[in-house]
A.B. asks: 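Could you have a look at this structure, given as structure tokens, before my questions?
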There are 2 protein chains.
Amino acid sequence: MSAAPAQSRPGGRSARVRAAVHRAVEELAAADAAEPLTIPVIAARAGVHPTTVYRRWGSVAQLLADVATSRFSGDVVVPDTGTLAGDLERWMGDVATDLADPDVLALMRATIGSGPEGGCACAVDRHDQLRAMIERERARGGAAPDVERAVDMLLGPLYYRAVFSTQPASPQWARGLVTALLKDM
Amino acid sequence: MSAAPAQSRPGGRSARVRAAVHRAVEELAAADAAEPLTIPVIAARAGVHPTTVYRRWGSVAQLLADVATSRFSGDVVVPDTGTLAGDLERWMGDVATDLADPDVLALMRATIGSGPEGGCACAVDRHDQLRAMIERERARGGAAPDVERAVDMLLGPLYYRAVFSTQPASPQWARGLVTALLKDM
DNA sequence: AAATTATCGCACCGATCGCTGCGTTAGGCT
DNA sequence: AGCCTAACGCAGCGATCGGTGCGATAATTT
């Protein structure tokens with residue numbers, strides 16, 4: 001007998017159920033809060049029994065955090081154009097394009113409202129990506145602004161417009177933030 | 001008989017009930033989502049019958065929007081120090097101090113999650129205040145940055161840190177954003 | 001291929017939610 | 001002071017939610 005044989009089973013049907021539930025959450029969050037966004041509703045849309053959702057995730061807040069973490073990680077890759085300005089401009093354009101989708105925004109809003117950890121789950125990955133680009137530029141020998149300052153001047157305005165303002169955050173405008181950041185340093 | 005005698009009655013008990021419900025929403029939102037934040041719970045905490053809340057507000061989303069509009073309007077006054085830099089620094093310090101309260105943050109998060117209009121309800125007043133200060137400086141004959149740019153560089157980082165980051169937004173740091181904005185223009 | 005067991009579906013229960021008549025209280029006006 | 005009616009409290013009604021046993025299914029290992 002072994003010590004710990006196989007504690008988890010992440011293949012096949014489990015993965016399929018997980019994908020269906022994630023998709024249902026995104027679709028329901030996109031339907032501007034007309035749907036109550038509760039576990040039976042999510043399960044019904046996913047074609048899955050509510051019991052499964054209760055057992056795997058426990059609460060809507062945890063489910064939303066899981067969905068947000070999956071959604072806001074990995075779909076934007078860190079570019080490598082050779083210069084920090086080029087990297088940042090391309091990356092900001094991609095992030096802005098991703099945030100232009102109303103469905104993505106709705107998911108983000110719902111996640112923020114679900115708990116204190118929700119907001120961080122939407123942004124930590126972007127934070128890490130930004131730090132990676134800046135540290136790479138420094139390793140290359142170039143001058144780069146502080147990560148903290150870059151977050152304030154790039155992610156700050158972008159996410160503010162997405163959540164708090166009615167003004168559109170176009171990729172062109174987002175790229176303009178990069179030049180404003182790199183100008184005075 | 002008059003045309004429209006008295007369609008509303010905002011005094012006395014109605015005002016008292018409104019204040020109690022608003023207070024209950026703020027307190028429940030501050031109790032980090034452990035409470036379900038539903039109408040019977042809000043009414044019970046306010047010492048008010050649930051029927052009243054259903055009739056006056058209809059849904060939790062509308063109630064939250066009402067509370068947020070009341071809370072994020074008027075508690076910060078537009079200063080008048082004579083210079084734009086002085087006005088902005090004092091104002092940003094006040095706004096940052098207000099946002100440092102975890103209860104205020106919890107209310108903001110819940111409002112954002114309640115509907116697409118929630119985010120705007122938390123920021124429109126600050127937007128107007130910022131525009132007022134900038135237009136006053138222009139009427140004074142001085143040079144002032146674009147309102148749009150000021151929103152991006154001041155409100156953007158401040159609200160981003162409040163919602164998406166774990167980094168504290170101290171009043172000193174918020175005042176520093178003003179000098180960074182006014183430096184390059 | 002057979003065994004093992006993590007995972008899912010089904011039926012069901014108590015609790016709570018959202019909402020609606022109806023009577024009562026108390027602001028606002030003459 | 002007295003009337004009028006907006007606003008509130010009470011009782012109760014479907015409907016739905018969150019959660020629990022128990023058997024069935026299928027992913028993984030031997």
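All chains are named by letter (A, B, ...) in the order of the sequence lines, taking the proteins before the strands, and each is independently numbered beginning at 1.
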A.B. asks: Give the angle between the helix axes at the two ends of the helix from dA1(C)-dT30(D) to dT30(C)-dA1(D), taking five base pairs at each end and rounding to 10°.
C.D. replies: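 The value is 50°.
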A.B. asks: In Å, rounded to the nearest 0.5 Å, how long is the span from CD1 of I39(A) to OG1 of T52(A)?
C.D. replies: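 Rounded to the nearest 0.5 Å, the CD1-OG1 separation comes out at 11.0 Å.
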A.B. asks: Check the angle between the aromatic planes of Y159(B) and Y160(A) and answer parallel, tilted or perpendicular using the 30° and 60° thresholds.
C.D. replies: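 The arrangement is perpendicular - the two ring planes meet at more than 60°.
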A.B. asks: Can you find a pair of side-chain heavy atoms, one from T111(B) and one from R71(B), that are under 4.5 Å apart?
C.D. replies: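 Counting from C-beta outward, T111(B) and R71(B) never come under 4.5 Å.
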A.B. asks: Using the side-chain hydrogen bond (donor to acceptor under 3.5 Å, both in side chains) criterion, which residues pair with T83(A)? Sequence neighbours excluded.
C.D. replies: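 Not a single residue meets the side-chain hydrogen bond (donor to acceptor under 3.5 Å, both in side chains) criterion with T83(A).
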A.B. asks: Using a cut-off of 6.0 Å, state whether more than 12 heavy atoms not belonging to R140(A) lie near its atom CZ.
C.D. replies: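 Result for CZ/R140(A): enclosed.
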A.B. asks: Using atom CH2 of W57(B) as one end and atom P of dA7(D) as the other, report the distance to the nearest whole Å.
C.D. replies: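 From W57(B) CH2 to dA7(D) P: 11 Å.
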A.B. asks: Taking protein heavy atoms under 4.0 Å as touching, what does nucleotides 8-17 of chain D look like 5' to 3' if B marks base contact, S marks sugar-phosphate-only contact and - marks none?
C.D. replies: SBBB-----S
A.B. asks: Do R161(A) and D152(B) touch side chain to side chain, with heavy atoms closer than 4.5 Å?
C.D. replies: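 Of all side-chain heavy-atom pairs linking D152(B) with R161(A), at least one is under 4.5 Å.
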A.B. asks: Could you check if a side-chain atom of R56(B) sits within less than 4.5 angstrom of a side-chain atom of V21(B), using non-hydrogen atoms only?
C.D. replies: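 Not in contact.
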A.B. asks: CD of E26(B): more than 12 outside heavy atoms within 6.0 angstrom?
C.D. replies: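 Yes, the 6.0 Å shell around CD holds more than 12 heavy atoms from other groups.
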